[in-house]
Amino acid sequence: MRLSRYLFSTSKESSKEAEHLSHKLMLRAGLIKRFAAGVYCFLPFGYRVLAKISSLIEDEMDRIEGQRLLLPFLQPADLWKKSGRWENYGEELVRFEDRKGAEFALGPTHEEMITQLVKEEISSYKRLPLILYQIQTKFRDELRPRGGVIRAREFLMKDAYSFCRNEEELVSVYQLIKKAYEKIFSRCGLDCRVVKADTGPIGGKLSEEFIALANSGEDKIVQCEHCGCVAKLEKAEYESLEEAQAELEPMKEVSTPNTRTVREVSQFLHCRPGDILKTIFYQTEKGLIAALIRGDHQINEAKLQALLKVKKIEIAGNNSIKKEIGVEPGFTGPVGLDKYPLIADNTVMKSRNLVAGANRKDTHLLNVNAGRDFQPTIIGDIGFPLSGDLCRVCKSRMEVRRGIEIGHLFQLGEIYSRSLKATFLDEKGKENYFVMGCYGIGVSRLPAAIIEQNHDSQGIIWPPEIAPFQTMVIPTLEKMFKVAQEVCQDLKDQGVETLWDDRDLSAGVKFNDADLVGIPFKVIAGDTFLKEGKIEIKTRREAKVEKVKKNMISQRMKELIQDAKQ
RNA sequence: CGGGAUGUAGCGCAGCCUGGUUUAGCGCGCCUGCCUCGGGUGCAGGAGGUCGUGGGUUCAAAUCCCGCCAUCCCGACCA
């Protein structure tokens with residue numbers, strides 16, 4: 001393919017719509033273009049990467065006898081009404097009527113549809129277990145699309161579904177698919193972690209996520225440096241460092257004019273944020289409660305809600321706090337607040353001589369101690385861990401890291417087969433509900449994750465298996481164009497995916513473009529050919545140069561590609 | 001949905017505060033010609049704009065005021 005006719009353009013600067021590195025590089029390298037918030041088109045380079053990922057997925061799914069199919073993007077409402085999700089899925093589900101007034105949704109996921117299909121097609125245990133999957137466009141009307149293709153509204157997803165006879169079979173199929181996913185991600189050049197996850201609106205019992213480590217990822221995980229335990233931040237259990245067993249000092253009032261936030265108080269009193277006791281009020285259906293946590297930690301409202309066993313939890317407004325407590329937030333504290341349930345985080349119980357609000361304007365208390373100065377109603381884990389907190393299992397230091405969710409596995413059980421009455425006959429002729437699992441991969445988000453982990457200052461470094469093209473043939477002199485064309489033809493004849501940079505530009509521009517786009521091998525025809533009769537092959541990642549005779553190029557290239565895939 | 005910010009050429013920006021020499025500029029990119037030819041090359045010429053949108057103020061609006069829309073970031077939310 002001649003580059004002069006290829007639909008791509010590179011730029012030195014990315015448009016300001018991008019914040020994340022992968023997003024910037026995808027725009028600069030001409031992989032994607034945005035048409036609306038969270039709606040992107042994949043230009044030829046970008047699309048080729050998606051196609052590579054798709055065929056790699058197909059390859060690994062073939063090995064475990066997964067069968068690819070394609071379900072409709074447009075889904076009739078009645079299936080969703082049967083499963084109950086027409087009402088429950090929320091605003092992310094785009095609903096509309098056709099010209100006859102029939103109700104439809106744009107598929108955000110396909111459990112209903114696949115269950116209906118299998119219900120109609122399969123009636124005997126002899127045909128189980130069954131693994132079906134598709135690679136399909138989904139639409140979810142996200143509150144806030146972000147990070148380019150990382151959280152788009154329209155996106156490409158690979159979703160697999162398993163149908164089993166019983167729980168035991170589900171567990172083994174689940175493990176099989178989990179292994180296949182590990183291979184897929186590793187072939188994509190991704191370093192990822194498996195973490196326990198929430199089941200969300202999909203439902204089910206066990207759920208795990210694959211998280212690709214990336215600084216710009218939107219998910220946070222904690223990882224134990226010693227035992228390797230990984231968990232999502234919001235699910236992570238932890239212990240805070242044991243405080244030295246300091247003597248309990250007598251409580252003392254201090255004047256702290258205009259110091260409301262933890263930072264202001266710690267600066268004013270020259271103490272660490274961790275020496276402060278933060279009191280945060282929440283409104284619940286059972287009334288106002290006060291959550292107590294150390295100043296350096298954040299409250300995890302989900303944990304707090306679970307601990308309190310309440311349905312509604314909402315941070316209390318400034319006005320209601322002023323009315324109930326008699327002081328503005330920032331000077332509130334647990335001492336003398338016996339009227340309200342005090343929910344203390346474990347970290348508070350372990351700390352001594354904390355600084356807390358005195359429930360009086362511009363005043364804090366020094367040396368506040370749980371048990372002596374106030375009695376918590378409930379003690380528990382209501383916070384998010386920080387780097388440096390300790391692992392519950394092995395008591396080693398944990399690190400908070402960011403990542404991108406690239407895969408999500410669910411053991412669904414019988415949720416959907418029951419709601420859609422999908423059954424099969426077992427060996428005794430008895431009717432059973434299918435025991436289901438579902439397994440997603442965020443295909444269109446994968447390029448971003450891969451770029452986050454595979455780039456340098458020059459641009460993208462695609463692992464050869466998913467690079468849009470394997471090689472870029474670059475003539476550096478005009479009189480080398482013909483040689484370059486011949487080399488390109490030779491490579492193409494030998495099945496190597498090749499672009500030929502026939503543009504009338506300086507060599508430097510061509511090198512930079514090839515590097516930005518991430519082509520694994522540059523095949524350079526220039527001075528070296530004139531002097532030594534040899535063509536150069538330069539690798540993208542290591543920048544290693546190898547000189548090869550012209551008639552040996554395609555053979556050598558095939559070897560290099562083969563090596564790179566292993 | 002809460003907080004913050006931005007809309008001026010394909011992209012990045014200046015101009016706005018203090019309205020009028022601004023026929024709205026600059027850099028990149030694009031087109032033409034010459035030069036250069038191994039890491040974003042030099043020179044010359046050129047094309048390209050409803051200043052997001054609707055209204056208002058004014059003799060006069062990119063500039064001031066109000067509404068709306070769009071986009072981005074943080075949070076909430078989320079396979």
Side-chain angles (χ1 to χ4, degrees), chain A residues 9-20 23-24 27-28 30 33-39 85 89-93 107-111 138 140-148 150-153 155 157-161 197-204 207-211 216 218-220 232 234 298-302 313-315 317-318 404-410 412 437-443 445 457-459 474-481 501 503-516 522 524-531 535-536 538 543 545:
Chain A
S9 55
T10 54
S11 60
K12 289 180 204 167
E13 297 162 304
S14 65
S15 97
K16 63 180 171 183
E17 77 193 45
E19 194 78 3
H20 298 318
H23 190 192
K24 284 182 178 165
L27 290 168
R28 282 186 54 207
K33 192 171 177 65
R34 190 185 66 83
F35 275 91
V39 178
R85 292 206 292 184
Y89 203 92
E91 290 299 303
E92 272 184 39
L93 183 69
T109 172
H110 283 75
E111 284 81 14
K138 312 273 181 196
R140 293 181 191 172
D141 197 2
E142 296 282 350
L143 280 178
R144 180 153 94 80
R146 70 182 91 179
I150 291 176
R151 179 163 297 275
R153 291 192 298 168
F155 59 103
M157 176 170 179
K158 180 262 182 172
D159 45 330
Y161 304 89
D198 268 325
T199 51
I202 304 288
S207 170
E208 293 175 296
E209 284 181 17
F210 282 88
I211 304 281
S216 62
E218 53 180 350
D219 290 302
K220 283 184 182 166
K232 296 203 82 177
E234 60 267 30
Q298 295 286 318
I299 303 240
N300 180 340
E301 293 176 8
I313 185 159
E314 202 172 57
I315 199 149
N318 289 4
I404 300 168
E405 178 191 344
I406 52 174
H408 203 148
L409 317 179
F410 298 85
L412 295 172
C438 80
Y439 318 85
I441 294 179
V443 174
R445 131 194 313 195
S457 58
Q458 293 293 103
I474 300 176
T476 63
L477 303 163
E478 200 172 344
K479 55 189 159 198
M480 293 304 299
F481 272 43
D501 195 343
R503 297 174 302 169
D504 181 23
L505 291 169
S506 82
V509 176
K510 295 180 183 180
F511 292 150
N512 280 320
D513 274 348
D515 288 350
L516 174 60
K522 291 188 286 291
I524 305 164
D527 277 346
T528 316
F529 186 78
L530 294 176
K531 288 177 195 151
I535 306 282
E536 285 163 285
K538 189 167 184 179
V545 179

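Just the heavy atoms: all of them, side chains too, but no hydrogens, waters or symmetry mates, feed the values below. Chain A is the first sequence line, chain B the second, and so forth, proteins listed ahead of strands; every chain is numbered from 1.
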Peer 1: Closer to the 5' end of RNA chain B via nearest nucleotide, is it A/His20 or A/Arg153?
Peer 2: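 With A/His20 and A/Arg153 compared, the 5'-side residue is A/Arg153.
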Peer 1: If you look at every strand shown and take non-hydrogen atoms under 4.0 Å, does A/Arg144 touch a base, only sugar-phosphate, or nothing?
Peer 2: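 Base contact.
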Peer 1: Just verifying a value: how many Å separate A/Ile406 CD1 and A/Ile441 CD1, rounded to the nearest 0.5 Å?
Peer 2: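 Those atoms lie 8.0 Å apart.
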Peer 1: Atom CG of A/Leu516 and atom CD of A/Gln458: how far apart are they, to the nearest 0.5 Å?
Peer 2: 8.5 Å
Peer 1: Would you say A/Arg28's side chain and A/Ser11's backbone share a donor-acceptor pair under 3.5 angstrom?
Peer 2: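 Yes, A/Arg28 side chain to A/Ser11 backbone: donor-acceptor pair under 3.5 Å.
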Peer 1: Between A/Lys510 and A/Arg503, is there a donor-acceptor pair closer than 3.5 Å when you use the side chain of the first and the backbone of the second?
Peer 2: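 Pair found, side chain donor or acceptor close to backbone of A/Arg503.
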Peer 1: Give one of base, sugar-phosphate or nothing for A/Glu19, where a contact means two heavy atoms less than 4.0 Å apart.
Peer 2: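 Result for A/Glu19 = sugar-phosphate.
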Peer 1: With both distances kept under 3.5 Å, what pairs with B/A9, Watson-Crick or G-U wobble?
Peer 2: none
Peer 1: Please state whether the base of B/C78 and the side chain of A/Arg151 form at least one donor-acceptor pair under 3.5 Å?
Peer 2: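 Side chain to base: pair present.
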Peer 1: Look at all strands and tell whether A/Lys138 reaches a base, only sugar-phosphate, or nothing, counting heavy atoms closer than 4.0 Å.
Peer 2: base
Peer 1: For each nucleotide in nucleotides 33-42 of chain B, reading 5' to 3', give B when a protein heavy atom comes within less than 4.0 Å of its base, S when such contact involves only the sugar-phosphate, and - otherwise.
Peer 2: ----SBBBB-
Peer 1: Using a heavy-atom cut-off of 4.0 Å across all strands, would you classify A/Gly147 as base, sugar-phosphate, or nothing?
Peer 2: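 It contacts sugar-phosphate atoms only.
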